[in-house]
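Reading through the structure tokens given below for one structure.
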Amino acid sequence: MISVKDLNKVYENGSIAVHALKSVNLEVKEGEFMAITGPSGSGKSTFMNVIGCLDGATSGIYILDDEKIEDLPDNELAEIRNRKIGFVFQSFNLIPRTSALKNVELPMMYAGISGRVRKQKALEALEKVGLGDRVEHKPNELSGGQKQRVAIARALVNNPAIILADEPTGNLDSKSTQEVMDLFKKLNEEGVTILIVTHEQEIAEQTNRIISFLDGEIIMDKIIEKEKLEK
Ligand code: ADP
Ligand code: ADP
């Protein structure tokens, strides 16, 4: 699903160069549920920006779902981003004063899908995240956990190859955090590939694999063994 080889990212600010990613190698298979951890400044956001086709690497190879991403012009990157990636943000990024339904329809408007199909798919996505009874609610009429579930429905609606979530529980209380993590787990069990950036160990341990960045390098890559329930 994701194949990254010898990826480097250098930010040049005048005479100062910051080597934000240093020869990063990573393979992520379809259906993985992975956490990306590491201290502030370790390169997590830079890595997610490259994986999310928001920014190019300085050198290296990045293949997403059999497509070679490097060297693509911005318009093609944007097209791949819309088609293959569902983004979830810490601050939800919902449009205020606009119903959950219309928020979820938005990515399909960019994709040029007809109004009738948009509405039907948005309703299905909201059903899937457990908000079938809240479709006409506006963001300020929803709890934090519900807002994030609307954002997850929006991320899912174009059937992306991967979901990228940047600190998705960072603005949520513990109950809403668990609500969102349970939803991610359910979606992953249905086959959705999910990468989440998190500072919280408890969140990371609910995934199936944890990688950890330090100073632009992956210093840990650990598979989480889930306890098998005894019959
Ligand atoms: P994290 O997400 O783990 O906090 P970042 O990817 O944001 O880490 O940052 C990695 C390094 O790259 C840091 O040293 C940061 O200061 C630097 N950096 C990030 N973005 C830029 C930028 N646009 N210009 C210059 N340096 C940057
Ligand atoms: P894109 O076309 O994807 O926007 P760019 O070529 O504009 O990618 O590069 C994105 C960032 O990487 C820029 O901020 C730029 O400063 C940095 N960058 C690109 N190439 C190099 C390089 N050879 N050396 C150092 N930094 C680079």
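Both counts, for ligands and for their atoms, begin at 1 and track the order of listing.
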For this session: Please confirm whether Lys186 makes a cation-pi placement over Phe184, using NZ or CZ under 6.0 Å from the six-membered ring centre and within 45° of the ring normal.
Result: no
Ignoring hydrogens and angles, state whether a donor on the side chain of [X] or [Y] is under 3.5 Å from an acceptor on the partner side chain.
X: Ser3; Y: Glu27; value: yes
X: Glu179; Y: Gln148; value: no
X: Asn49; Y: Thr46; value: no

For this session: Taking side-chain contact (heavy atoms from CB on, under 4.5 Å) as the test, write out the residues that go with Val135, two or more places apart.
Result: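 In terms of side-chain contact (heavy atoms from CB on, under 4.5 Å), with neighbours along the sequence ignored, Val135 is linked to Leu101, Leu123, Leu126.
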Exercise. OG1 of Thr193 to NZ of Lys84: how many Å apart, nearest 0.5 Å?
Worked result: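 Answer rounded to 0.5 Å: 12.0 Å.
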Problem set entry | Pocket residues of ligand 1, ordered first by chain and then by residue number (heavy-atom cut-off under 4.0 Å) | Tyr11, Asn13, Val18, Ala20, Pro39, Ser40, Gly41, Ser42, Gly43, Lys44, Ser45, Thr46
